[in-house]
Amino acid sequence: MIYQSQTACYAKHRRKAIHKLGDKFTCECNPEIMCAFIYALNDADERVRAKAADEIGDQLRKNDCCCSPELTAALTCALGDCDRKVVREATQALELCGYEVVEGCCDTPCCHTGCAPAGCSPSAAPAAPAPTSDPKAYFPSRMQDRKQSRRLSGNSLSNLFGLID
């Protein structure tokens, strides 16, 4: 089933394998299924990812001892998923591990809500523009030396053809 959950050609078959793993095995007796669920959290299909997060939650409801640092790291990454169902299932699983998942302050500027560092203030001066200077300043001196030596030696193709007799 683990092999099927990772290599099946169609997402519906990978999802079905994840479902069977969650129903037939427990993470307490078979901890390798949690690795398969973590692997499925990275699947290209959002339904497979959601099913994996759901099965992780189901396993944690039965056995809270299956929560590991690797699992919490994978679930934390799943919080950034573009699919709302994956995020919801990952949030529930993380809460079963004992973590509190809170919303960030993306809707309002953090400077006004106090969640940003003290150095952030709306009255701060705007950042200075990048200095405009000579482009040669960005190239190392060895590159400039190489260009000058090429000019002195003449056309490199003429030197190449000069070797042929």
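For the single chain, residues carry numbers from 1 onward in sequence order. Owing to the predicted nature of the structure, the values given are computational and were not obtained by experimental measurement.
- Within a 6.0 Å sphere centred on CD of E28, heavy atoms belonging to other residues, nucleotides or ligands number 12 at most.
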May I have the step-by-step check of side chain to side chain contact (heavy atoms under 4.5 Å, CB included) for E46 and K85, ending in yes or no?
CA-CA 8 Å; E46 68 273 2; K85 187 172 182 184; over 6 Å; no
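- Heavy atoms only, all atoms of each residue included: A52 and F37 are closest at CB-O, 3.5 Å.
- A distance-only check finds no donor-acceptor pair linking the side chain of E89 to the backbone of I56 [under 3.5 Å].
- Taken to the nearest 0.5 Å, the CD1 atom of I2 stands 11.5 Å off from the OG1 atom of T7.
- The heavy-atom pair separating V101 from T91 by the smallest distance is CB-CG2, 3.8 Å.
- Dense packing is recorded around NZ of K62, with more than 12 heavy atoms of other residues, nucleotides or ligands lying under 6.0 Å away.
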Derivation of the side chain to side chain contact (heavy atoms under 4.5 Å, CB included) call for C82 and R49
CA-CA 11 Å; C82 56; R49 295 191 308 267; 4.2 Å; yes
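- Closest heavy-atom contact between F25 and N30: CD2-OD1, 3.7 Å.
- Shortest non-hydrogen contact noted between A53 and A90 is CB-N, 4.0 Å.
- When each of L71, V48, L75, D81 is checked for a side-chain contact (heavy atoms from CB on, under 4.5 Å) with L41, only L75 meets the rule.
- The disulfide bond (SG atoms under 2.5 Å apart) contacts involving residues 31-70 comprise C27-C66, C67-C97, where partners must be two or more places apart or lie in separate chains.
- In this structure, D23 does not pair ionically with K20, as no charged nitrogen and carboxylate oxygen lie closer than 4.0 Å.
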Working for side chain to side chain contact (heavy atoms under 4.5 Å, CB included), residues D45 and R15:
CA-CA 9 Å; D45 190 85; R15 184 180 184 276; 6.0 Å; no
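- Taking 4.0 Å as the cut-off between side-chain N and carboxylate O, R14 and D43 count as a salt-bridged pair.
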Evaluation steps, side chain to side chain contact (heavy atoms under 4.5 Å, CB included), between E55 and L21:
CA-CA 8 Å; E55 292 299 331; L21 282 171; over 6 Å; no
